[in-house]
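Notes follow once the structure below has been shown.
Whatever order the structure lists ligands and atoms in, that order sets their numbers, starting from 1.
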Amino acid sequence: MIQLHDLQFEPYISEEEIEGAVEKISARLNADYKDQNPIFIGVLNGSFMFASEVIKRFKGDCEVSFVKMGSYEGTSTTGTVKTLVGLNQKVEGRKVVILEDIVDTGNTLEEINKILEAENVADYKVATLFFKPEAYKKSLSIAYIGIEIPDKFIVGYGLDYDGLGRNLTQVYKRKE
Ligand code: IMP
Ligand code: MG
């Protein structure tokens, strides 16, 4: 059990399970983007660890960029997604892979979709380490999903509770 600010969290997803999910997504990306010089766009802050692990495993040319979005306060979404740092790289005509830590309501994804639609990319797909199907309210398809979880609040492996917990190498869920 761990404590972050006022809340307690218990172990939920092990390092081994996370690594297995990363390996699976990476194998598919290596097959699907072989010789295509994709641009990986990580969504900060939460995706830094996942992005690093996936990009390390990509064999062949690729480029890396990040955008920074924010919507969460405490343990719930505010419903408004702010673009804190936008895309500062030309992606026109390129194959883009969005790397997300977790897709929850899908609000963030929709905002990113708007950004990319204006950029005339060749195509883009989304890879997310975690996905909460019960919370997802959008219809944008998610090509690569690591681990599906129930609608619970989790921390670790890049995900935070009010800034804390990102450094944890396994995932914890809020204790009920
Ligand atoms: P969405 O816009 O509702 O899909 O939420 C996406 C963003 O909210 C994610 O990229 C995370 O940064 C954050 N988020 C969603 N669920 C959790 C959670 O369980 N723990 C920590 N952050 C979360
Ligand atoms: Mg995120």
Side-chain angles (χ1 to χ4, degrees), residues 1-15 17-19 21-22 25-26 29 39-55 64-87 96-118 124-176:
M1 190 110 78
I2 55 161
Q3 172 113 18
L4 301 173
H5 299 295
D6 56 326
L7 297 183
Q8 290 189 314
F9 294 85
E10 57 193 6
Y12 186 44
I13 304 171
S14 68
E15 282 185 38
E17 208 178 327
I18 296 167
E19 199 187 322
V22 168
I25 291 177
S26 298
L29 290 172
I39 301 185
F40 290 110
I41 300 179
V43 184
L44 295 173
N45 290 330
S47 78
F48 73 92
M49 222 179 254
F50 174 56
S52 158
E53 291 303 314
V54 165
I55 293 162
V64 178
S65 195
F66 288 93
V67 293
K68 184 169 179 173
M69 319 287 284
S71 61
Y72 251 63
E73 255 168 37
T75 63
S76 57
T77 178
T78 59
T80 315
V81 183
K82 289 192 195 120
T83 303
L84 304 170
V85 179
L87 198 61
V96 173
V97 181
I98 301 295
L99 299 176
E100 260 283 27
D101 50 349
I102 186 165
V103 176
D104 181 25
T105 61
N107 290 335
T108 305
L109 220 53
E110 193 172 67
E111 208 53 38
I112 290 169
N113 187 54
K114 276 188 210 155
I115 295 174
L116 288 177
E117 278 191 330
Y124 92 90
K125 295 230 163 82
V126 177
T128 187
L129 179 56
F130 301 110
F131 179 48
K132 295 181 187 170
E134 293 160 17
Y136 193 56
K137 294 194 198 75
K138 310 290 175 187
S139 53
L140 294 167
S141 74
I142 305 169
Y144 308 90
I145 294 173
I147 300 171
E148 291 194 1
I149 61 166
D151 193 3
K152 298 236 161 46
F153 188 74
I154 60 171
V155 292
Y157 206 82
L159 290 103
D160 71 306
Y161 168 47
D162 271 347
L164 296 184
R166 296 195 194 276
N167 55 321
L168 300 167
T169 55
Q170 61 173 315
V171 163
Y172 294 75
K173 73 169 179 204
R174 184 179 173 181
K175 196 166 181 296
E176 286 150 84

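Which parts of ligand 1 touch Glu100 is read off a 4.0 Å heavy-atom cut-off, strictly below it: atoms 10 (O). Against a heavy-atom cut-off of under 4.0 Å, Lys132 is close to the following atoms of ligand 1: 16 (N), 17 (C), 18 (C), 19 (O).
Note: an N/O pair closer than 3.5 Å links Ile154 and ligand 1 by distance alone. Of the N or O atoms in Phe153, none lie within a sub-3.5 Å distance of an N or O in ligand 1.
A perpendicular orientation is assigned to the rings of His5 and Tyr161, their planes being inclined by more than 60° (bins at 30° and 60°). Between Phe131 and Tyr136, the two ring planes are perpendicular [angle over 60°; tilted spans 30° to 60°].
The closest approach between any non-hydrogen atom of Asp101 and ligand 1 is below 4.0 Å. Heavy atoms of Asp160 approach ligand 1 to within less than 4.0 angstrom. Within the structure, the closest approach of Ile102 to ligand 1 falls below 4.0 Å when heavy atoms are considered.
No more than 12 heavy atoms of other residues, nucleotides or ligands sit less than 6.0 Å from atom CZ of Arg174. Crowding of Lys68 atom NZ: a count of heavy atoms from other residues, nucleotides or ligands under 6.0 Å not exceeding 12. Counting heavy atoms of neighbouring residues, nucleotides and ligands inside a 6.0 Å radius, atom CD of Glu73 does not exceed 12 of them.
Using a cutoff of 4.0 Å between basic side-chain nitrogens and carboxylate oxygens, Glu117 and Lys114 are not scored as salt-bridged.
In plain terms, the two heavy atoms of Thr108 and Val81 that are nearest each other are N-CG2, 3.7 Å.
Closest heavy-atom approach to atom 3 (O) of ligand 1 within the set Asn45, Thr105, Thr77: this belongs to Thr105.
Of the heavy atoms in Asn107, both backbone and side-chain atoms come closer than 4.0 Å to ligand 1. Contact annotation for Lys152 and ligand 1: only backbone heavy atoms (N, CA, C, O) come within less than 4.0 Å of the ligand.
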